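Owing to the predicted nature of the structure, the values given are computational and were not obtained by experimental measurement. In the text below, chain A, chain B and the rest are named by the order of the sequence lines, each starting its count at 1.
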Amino acid sequence: MTARFPRRARLQKPGEFKAAFERGSRLNEKWLTALVVSSGDSSESRLGLAVPKKAVPRAVDRNRIKRQIRESFRTRRAAFPAMDVVILARGGCLQATPEQLSDILDRLWTRAAAKCAPSASS
RNA sequence: GGAGCCGGCCAGGCAAUCGCCGCCGCGAAAGCGGGGGAGGAAAGUCCGGGCUUCAUAGGGCAAGGUGCCAGGUAACGCCUGGGCGGCGAGAGCCGACGGAAAGUGCCACAGAGAACAGACCGCCGAUGGCCCGCAAGGGAUCAGGCAAGGGUGAAACGGUGCGGUAAGAGCGCACCGCGGGGCCGGCAACGGCAACGGCACGGUAAACCCCACCGGAAGCAAGGCCAAAUAGGGAUGGACGUAGCCGUAAGGCUACAACGCGCGGCCCGCGCGCCAUCCGGGUAGGCUGCUAAAGCGCCGCGGUGACGCGUCGCGUAGAGGAAUGGUUGCCUCGGCCCGCAAGGGCUCAGGACAGAACCCGGCUUAUAGGCCGGCUCCCACU
């Protein structure tokens with residue numbers, strides 16, 4: 001289970017996204033925003049992606065950015081507490097190099113995990 | 001060798017490893033194994049179909065579209081062949097390319113005049129006047145004639161030349177153009193031929209319009225099926241005064257003879273109140289539509305060709321908050337550096353345009369680098 005990313009580790013239902021957007025804590029970094037909520041039913045951490053067409057007009061770029069985020073999540077999620085995270089891409093994220101994006105994501109993961117750790121431990 | 005034209009094709013390669021999405025097999029499951037997993041444009045959504053639902057007796061009109069002819073096709077605004085016009089030295093390329101003799105409108109500015117036209121400059125002044133002269137004749141230009149030349153314009157009521165004339169004019173002639181008819185070739189668009197007619201008929205239809213053909217609407221979030229919980233609807237049956245409390249439940253106890261709601265202004269009255277089963281609608285959710293297709297490839301036959309027919313082989317992504325990727329190594333191409341060169345080195349965020357969403361046929365647009373075939377022109381050599 002080291003670095004897998006099966007289907008159940010994703011947010012799939014509109015309700016799950018809605019919960020993150022309405023109740024989640026917002027963590028802002030350059031180009032990306034994370035919406036974190038400690039996951040209710042699942043014991044694993046789950047990821048949802050929101051890359052709006054407005055922020056990234058071309059489909060190729062949207063796919064590329066989603067893949068980069070997923071890859072980062074996949075390799076690190078074993079250390080995460082049970083939480084639901086929605087990563088929201090904002091305008092300008094196309095200018096980020098893969099290295100920059102990866103750094104930003106690392107910061108977001110640690111911040112998100114810190115946010116959820118106390119509630120998960122209790 | 002250089003310059004260019006046309007058609008077709010590829011879309012960095014191999015390996016290791018960590019992942020993702022379907023399918024098949026094993027497994028109770030976790031998972032494991034096997035095999036498959038973006039494009040030539042998947043894009044723009046501009047046309048044409050299939051499929052689906054709704055509408056529709058039949059037919060007509062309208063909106064909208066198409067527009068040389070013939071063929072191909074399921075169909076098309078596509079493709080092929082042919083015709084005509086334009087461009088190019090050529091290979092070739094480009095063209096909304098039906099009708100202006102059905103009608104209506106418009107043709108600005110400039111210009112004298114713009115559609116059954118017109119005389120600014122100009123030319124002439126033969127003829128009739130005028131002046132000079134004896135006369136022959138000469139002169140100016142009043143009447144008048146002309147439209148060749150100048151000038152305007154996108155366009156000036158055929159063009160060029162010769163004759164002709166006072167000057168001119170299709171006035172006459174030759175050639176070219178034009179016209180209607182004839183003959184010949186062609187399925188046709190159209191082309192050719194000789195004679196005839198002195199020329200009549202300006203342009204504009206991406207202006208209205210006329211003619212011919214097409215022409216119902218919306219789209220896979222189409223549409224079909226299954227269907228939890230909660231609330232509500234209907235039917236049937238049962239229990240039964242109602243409310244509270246106790247009990248897992250069957251039921252028991254207490255209180256009131258009364259209550260609440262609906263019908264109604266009020267009373268009487270009537271109905272409902274609890275439980276079970278069934279039915280239909282329908283939400284979340286799930287399944288389906290969903291990929292075998294007007295499919296692709298080889299060969300043969302028919303056809304100038306688009307394409308058609310036949311044999312054989314292949315069977316090719318199906319997600320659904322949406323997979324098709326990350327990392328590393330080697331090679332390749334590119335870039336940069338060194339070198340006269342062969343070659344060597346650097347190891348770079350360098351590798352075009354771009355990501356399927358029901359499926360096909362087209363069109364249009366984007367596209368690094370490269371390969372193959374055919375053809376044209378120029379230069380050199382033999």
### Message
Suppose you measure atom P in B:rC190 against the same atom in B:rA100; what distance do you get, rounded to whole Å?
### Response
12 Å

### Summary
chi for B:rA200 classified (syn = within 90 degrees of 0, anti otherwise) as syn

### Task
Can you figure out which of B:rG321, B:rG355, B:rA322 approaches the side chain of A:Arg70 most closely?
B:rA322

### Protein-nucleotide distance (A:Leu35, atom CG; B:rG321, atom P), rounded to Å
19 Å

#### Entry: Pairwise side-chain contact, A:Arg64 with A:Val56, heavy-atom cut-off 4.5 Å (strictly under)
no

### Query
What is the distance from CZ of A:Arg64 to C1' of B:rA38, rounded to the nearest Å?
18 Å

### Partner nucleotide, any strand, of B:rC5 [Watson-Crick/G-U, under 3.5 Å]
B:rG374

### Identity of whatever pairs with B:rG329 - Watson-Crick or G-U, under 3.5 angstrom
B:rC14

### Task
For the pair A:Phe80 and A:Phe73, name the ring-plane relationship: parallel under 30°, tilted 30 to 60°, perpendicular over 60°.
tilted

### Task
Tell me, please, which residues at least two apart from A:Arg62 pass salt bridge (charged side-chain N to carboxylate O under 4.0 Å, His left out).
none

### Query
According to the Watson-Crick and G-U wobble definitions, with both distances under 3.5 Å, which nucleotide is paired to B:rC93?
B:rG86

### Query
If every non-hydrogen atom of A:Trp31 is compared with every non-hydrogen atom of A:Gly92, which pair is closest and at what distance?
NE1-O, 3.3 Å

### Message
With rounding to the closest Å, how many angstrom separate the P atoms on B:rG111 and B:rG151?
### Response
15 Å

### Closest nucleotide among B:rC20, B:rG325, B:rG321 to the A:Phe5 side chain
B:rC20

### Query
Does B:rG197 adopt a syn or an anti glycosidic conformation, taking syn as a chi angle within 90° of 0?
anti

### Task
Could you check which nucleotide pairs with B:rC213 in any of the strands shown, counting Watson-Crick or G-U wobble with both distances under 3.5 Å?
B:rG65

### Task
Determine the Euclidean distance between corresponding P atoms of B:rG286 and B:rC261; express it in Å to zero decimal places.
45 Å

### Rounded distance in Å - CD1 (A:Ile69) to P (B:rG321)
17 Å

## Note on the structure
Answer for the Watson-Crick or wobble partner of B:rC259, both distances under 3.5 Å, is B:rG273

### Length of the line joining A:Gln68:CD and B:rC18:P, which is rounded to integer Å
22 Å

### Query
Is there a donor-acceptor pair under 3.5 Å between the side chain of A:Arg74 and the backbone N or O of A:Arg70?
no

#### Entry: Gap in Å between the two C1' atoms, one belonging to B:rU332 and one to B:rU45, rounded
39 Å

### Message
Taking A:Val85 as the starting point, is it possible to reach A:Leu11 by hopping between hydrophobic residues whose side chains are less than 4.5 Å apart?
### Response
no

### Task
Report the base-pairing partner of B:rG72 (Watson-Crick or G-U wobble, both distances below 3.5 angstrom), or none.
B:rC78

### Message
The side chain of A:Arg74 is closest to which nucleotide in this list: B:rG19, B:rG321, B:rU324?
### Response
B:rG19

#### Entry: Anti/syn call for B:rA38, syn if |chi| within 90°
syn

### Task
Kindly state which residues belonging to residues 56-63 of chain A come within less than 4.0 angstrom of RNA chain B, counting heavy atoms of the residue only, listed by number.
A:Arg58, A:Ala59, A:Val60, A:Asn63

### Query
Counting side-chain heavy atoms from C-beta on, which of B:rA349, B:rC20, B:rG325 comes nearest to A:Thr97?
B:rA349

### Task
Indicate syn or anti for B:rG40, taking the glycosidic torsion and treating anything within 90° of 0 as syn.
syn

### Query
How long is the line joining CG of A:Leu94 and P of B:rA354, in whole Å?
12 Å

### A:Arg77 CZ - B:rC18 P separation (whole Å)
17 Å

### Inter-nucleotide C1' distance (B:rU316, B:rC359), Å rounded
15 Å

### Query
For atom P, what is the distance between B:rA91 and B:rC9, given to the nearest Å?
26 Å

### Query
Does B:rG163 pair with anything, Watson-Crick or G-U wobble, both distances under 3.5 Å, and if so, with which nucleotide?
B:rC171

### Message
With heavy-atom distances below 4.5 Å as the criterion, would you say the side chains of A:Arg111 and A:Glu29 are in contact?
### Response
yes

#### Entry: Length of the line joining A:Glu71:CD and B:rU328:C1', which is rounded to integer Å
14 Å

### Message
Please report the distance, rounded to the nearest Å, between NZ in A:Lys66 and C1' in B:rG325.
### Response
14 Å

### Same apolar cluster (I L V M F W Y, side chains within < 4.5 Å links), A:Leu35/A:Leu27
no

